[in-house]
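When a ligand or atom number is given, it counts from 1 through the structure's own listing order.
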Amino acid sequence: MDWPARIESYVRLTKFPRSLFIAEDGRVVGTWIMGNDYRVRSGYYGGYPAGYLRRVAALFPDRRKVLHVFSGAVDLGAMPGDTVDCNPSLSPTFVADAHDLSRVPLADYDLILADPPYSIEDAERYRTTMVKRNVVLRSLAAGAASGARVVWLDQVLPMYRKAEWDIEAVVGIVKSTNHRFRVMTIFRRRGLAERGFDNGADRE
Ligand SMILES: C[S@@+](CC[C@H](N)C(=O)[O-])C[C@H]1O[C@@H](n2cnc3c(N)ncnc32)[C@H](O)[C@@H]1O
């Protein structure tokens, strides 16, 4: 399924206005304004705004198996899948620190959603230390299958290795007035052939 078809699926399934576009460099860009759909149903601190998962699901109607990393109290009704969190009291499928996902069968998943704490203050709310985003992306790259997508929600574009990931989409997320602006970055794991001539340098 190509990106024009994904955007069509998004418009058809969500009935939201067309807000994603293919830029001249081939990447998808756009903005989602969450409107009335911004509340967190679970009440969990930092939870996805209601409607976010429905939008992502509409972009990937062909998904086979989903993994939620930094899963918190994610709404599995909106996006069924397995879960990874460092907090065992949340009963995730895998209790793991996202900096080392070697014990999670990442190759089984074609769609991985990640929602880390965005700041030191946020991390303190979960009694964790701030995430090293580049280390998490490296850990994901070590196990993910070629072509797998990571949908990463954050306040920054995480540092990544261009030998490992292509950025397919960058979408601004506006929750509502006085809320932080976020960005959803969609990475695609590069295949071996695509990686052949790359130097593997980190990018900012
Ligand atoms: C922003 S919340 C995710 C909320 C989730 N999207 C939801 O809808 O409920 C971040 C989660 O990451 C977890 N977390 C923080 N640091 C982690 C780490 N190093 N490895 C795994 N999980 C971590 C926290 O326990 C918390 O549940």
Side-chain angles (χ1 to χ4, degrees), residues 14 32-60 63 65-109 111-144 148-160 169 171-176 178-187:
T14 65
W32 286 349
I33 300 171
M34 304 309 283
N36 291 332
D37 222 6
Y38 69 84
R39 287 184 192 81
V40 180
R41 289 219 175 94
S42 65
Y44 189 69
Y45 178 82
Y48 286 130
Y52 173 79
L53 291 173
R54 189 160 76 86
R55 291 176 191 243
V56 175
L59 277 179
F60 294 99
R63 66 191 179 282
K65 201 166 178 198
V66 175
L67 182 68
H68 298 277
V69 181
F70 305 102
S71 51
V74 66
D75 180 1
L76 293 175
M79 177 80 88
D82 293 337
T83 51
V84 178
D85 203 284
C86 62
N87 183 348
S89 72
L90 297 165
S91 303
T93 315
F94 305 100
V95 178
D97 183 331
H99 297 97
D100 177 6
L101 295 166
S102 54
R103 288 164 61 195
V104 178
L106 294 171
D108 291 355
Y109 302 93
L111 186 62
I112 300 171
L113 278 74
D115 185 25
Y118 307 138
S119 65
I120 293 171
E121 293 73 29
D122 290 331
E124 282 170 358
R125 295 288 291 257
Y126 309 111
R127 301 181 192 283
T128 56
T129 53
M130 189 47 199
V131 167
K132 294 181 182 66
R133 297 170 170 97
N134 60 331
V135 176
V136 176
L137 270 171
R138 245 183 282 156
S139 180
L140 285 166
R149 264 66 178 233
V150 170
V151 181
W152 184 289
L153 185 62
D154 207 330
Q155 288 194 292
V156 300
L157 181 66
M159 198 193 282
Y160 69 102
V171 178
I173 311 275
V174 178
K175 200 168 168 186
S176 69
N178 284 334
H179 279 100
R180 290 181 275 185
F181 186 63
R182 291 189 266 189
V183 53
M184 176 185 76
T185 308
I186 302 182
F187 295 93

Side-chain contact test, heavy atoms from C-beta onward, threshold under 4.5 Å: evaluate it for [X] versus [Y] and give yes or no.
X	Y	result
Val131	Phe70	yes
Leu59	Ile186	yes
Pro105	Phe94	yes
Arg149	Arg63	no

Inventory of protein N or O atoms under 3.5 Å from ligand 1 N or O:
from	atom 1	to	atom 2	distance (Å)
ligand 1	6 (N)	Asp115	OD2	2.6
ligand 1	8 (O)	Tyr48	N	2.9
ligand 1	9 (O)	Ala73	N	2.9
ligand 1	9 (O)	Val74	N	3.4
ligand 1	19 (N)	Asp97	OD1	3.1
ligand 1	20 (N)	Ala98	N	2.9
ligand 1	22 (N)	Cys86	N	3.2
ligand 1	25 (O)	Asp85	OD1	2.8
ligand 1	27 (O)	Tyr44	OH	2.7
ligand 1	27 (O)	Asp85	OD2	2.8

message = Taking side chain to side chain contact (heavy atoms under 4.5 Å, CB included) as the definition, give me every residue that meets it alongside Asp154, ordered by chain and number, with sequence neighbours left out.
response = Pro116, Tyr118, Arg133, Trp152, Val156
message = Would you say Tyr48 and Asp115 are linked by a side-chain donor-acceptor pair, where the criterion is simply a distance under 3.5 Å?
response = no
